[in-house]
Number of protein chains: 2
Amino acid sequence: MTVSTISDVAREAGVSVATVSRVINRNGAVSRATEEKVRSAIDKLDYQPNVWGRSLRRGESRMLLVFVPNVTNPYYANIIAGIEDTARAGFYNTMLCIGGGVQVRRAEYLELLHNGRADGAVFLDAALDSKVVPAAAAEFPVVQGSEYCADESISHVSIDNRSAAEEVAEYLLSLGHRQIGFVGSTNHFISTRQRREGCEAVLRRADIKPLEAFADKDYSFLSGVRAAGELLDRKDRPTALFCISDVLALGAIRAAEERGLRVPEDLTVVGFDDVEYATMFRPMLTTVSQPCYELGQAACELLLRQIRGEGAGTARFLPHKMILRDSSARRAVES
Amino acid sequence: MTVSTISDVAREAGVSVATVSRVINRNGAVSRATEEKVRSAIDKLDYQPNVWGRSLRRGESRMLLVFVPNVTNPYYANIIAGIEDTARAGFYNTMLCIGGGVQVRRAEYLELLHNGRADGAVFLDAALDSKVVPAAAAEFPVVQGSEYCADESISHVSIDNRSAAEEVAEYLLSLGHRQIGFVGSTNHFISTRQRREGCEAVLRRADIKPLEAFADKDYSFLSGVRAAGELLDRKDRPTALFCISDVLALGAIRAAEERGLRVPEDLTVVGFDDVEYATMFRPMLTTVSQPCYELGQAACELLLRQIRGEGAGTARFLPHKMILRDSSARRAVES
DNA sequence: CTGAAAGCGCTAACAA
DNA sequence: TTGTTAGCGCTTTCAG
């Protein structure tokens, strides 16, 4: 029941605490024999070094913060897994800070950096106009994942959203679509902006202006239904829809169904992220997949390096991939 | 950039560290004048008490562990929110331990209790035959939420799964169904067992033996499709399906679609949990809702009480509610 | 190779 | 009302 300390171990092994410490940390020379004694004392007492004493002494918490807008969207699950595995491999623990939108919570989480409970942070929710991230980055090791703020000097890992969006737009053109809709979002994420820019740029070259509608900040299913609905109710209704997230794309399919439109026969729908949902429902979604786990890994590696003082801000871009499935098809020829 | 300590503040304010400590912790008497001096010194130096020193001294970490099987299932999101809000209100932080299934991770998380990084744990993933939970409970404050292990002496908060399942079964009978299927799971959760027992008990009284099939441990959508499919392929095919989770119910609907069966006209499907999905797709799911946020609150309150030494193991049951929507209907009369 | 001892930042007796 | 001081558990010089 009572947890044992380093001095308990020292007493049990008949050595000094310094020696025990040396054994635990594998630094300093210790004879085979004493090491053996110490190890068995440790086993016997089920000793675990108390982290507070260690942290106090070493001046590090071995704890990382991970800011994530929400945790329900499966998109984040793999990123988080990548971060956590990498952290653990470097002997760091991670603390998930969910719902960065709520100001109070955010502030409280950030305090953890100030009072020494955490050594650095990964932000997965950096808005373009974020003040919080630059402020934190000025004082502590910080890395951004997926999204990043306007201050380019702060490290970030993401895919190249712009060229991914260009690929999607080109694909839609290649299917013969000319009336193309874009379902974006009102949030201030850089991915939102870049996907829109990429899409517009390609279509502009083909002299096409996309019809645009915007879902809520949180990519909610229902706001996807609404936004796509706006587009589908126009008389110059699009024959293809590029949605900046899979959840939105699922909403778009629902909006189509409600209007008696078949996907993909009457309407092509393309999503983004390739979350689990994408294959769960009919038709399975054509979408862009991101290397989420690797993104988490890369972000965490960058952070650890920064904590070790080995490097400052960097940008890393990871490869994406278009996944062709059932929700997209060649434009039906008017008969 | 350099973080200031309590002695910096003391020096700045021209008082002793003890006085500063008194001001911070609002204990011990301090004159208005000195308090003022100390406070302005704190502001000036942007001082935050270092948590390591404090924890080391007080012998508490003010950190709680939350073990959750996964984080993608929206069922957990609200429970977690309830736990976190309650924890924060009591000046505790929480650390999410995701994926208790992976043995290694679990062990590493449990170490946090031993080495003093956490003061207690909420388990949302206690299997009936869990060894880990009783072991942890023997040494540390522990509470279980939703699920609980066979050792009844360990605190837990949940709904009364058995009577909820009875209600569902009675509802199905009241709709005129006589061929009733049960889609369970191969996991070892007590909720799984109790829902099955409740269903069987009611049907037995009506001299009906449910047709049963079992999805994977993780309630995955695809395993729901498979399990429900088994039942629907029988020649004595059920006209109603009770699924122990909403995701499974969604899978059942998909299986029905694949066989050209309409829900609810040809097949009634009832889920469990009332997650967000339940209303996202057509038909909207008839299901049983759980007071998730409150469940999280209650579990955390119990844990905090236990940490304070105010109470040992208790069981708390929260009310559930059947939600009638579009996926259930009176049995079609054979014509 | 091993031990003694200082000190990380903080709180809580105990003195004054 | 305030200050002095011991000590929480640990690491790390510095001696031996």
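Quick caveat, the model's predicted, so the values are computed rather than measured.
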Both conditions, 6.0 Å and 45 degrees, for the charged tip of [X] above the ring of [Y]: are they met here?
X       : Y       : result
R39(A)  : Y47(A)  : no
R117(B) : Y109(B) : no
R106(A) : F67(A)  : yes

Testing the 3.5 Å rule here: is there a donor-acceptor pair between the side chains of [X] and [Y]?
X       : Y       : result
T86(A)  : E301(A) : no
S55(B)  : E60(B)  : no
D119(A) : S61(A)  : yes

Practice problem: Under 4.0 Å between any heavy atoms, over every strand shown, what does T34(A) touch: base, sugar-phosphate, or nothing? Just pick one. | Solution: sugar-phosphate
Self-check item: Separation of dC10(C) C1' from I42(B) CD1 (nearest whole Å)
Solution: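 Answer to the nearest Å: 13 Å.
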Quiz item: If you fit an axis to the five pairs at each end of the helix from dC1(C)-dG16(D) to dA16(C)-dT1(D), how big is the angle between those two axes, to 10 degrees?
Solution: 50°
Quiz item: Where does the angle between the aromatic ring planes of F317(A) and Y148(A) fall among parallel (under 30°), tilted (30 to 60°) and perpendicular (over 60°)?
Solution: perpendicular
Quiz item: In the 5'-to-3' direction, what one-character label does each nucleotide of nucleotides 9-16 of chain D receive under the scheme B = base within less than 4.0 Å of a protein heavy atom, S = sugar-phosphate only, - = no such atom?
Solution: BBBBB---
Exercise. Taking the side chain as every heavy atom from C-beta outward, state whether M63(B) and M95(A) have any pair of such atoms under 4.5 Å apart.
Key: yes
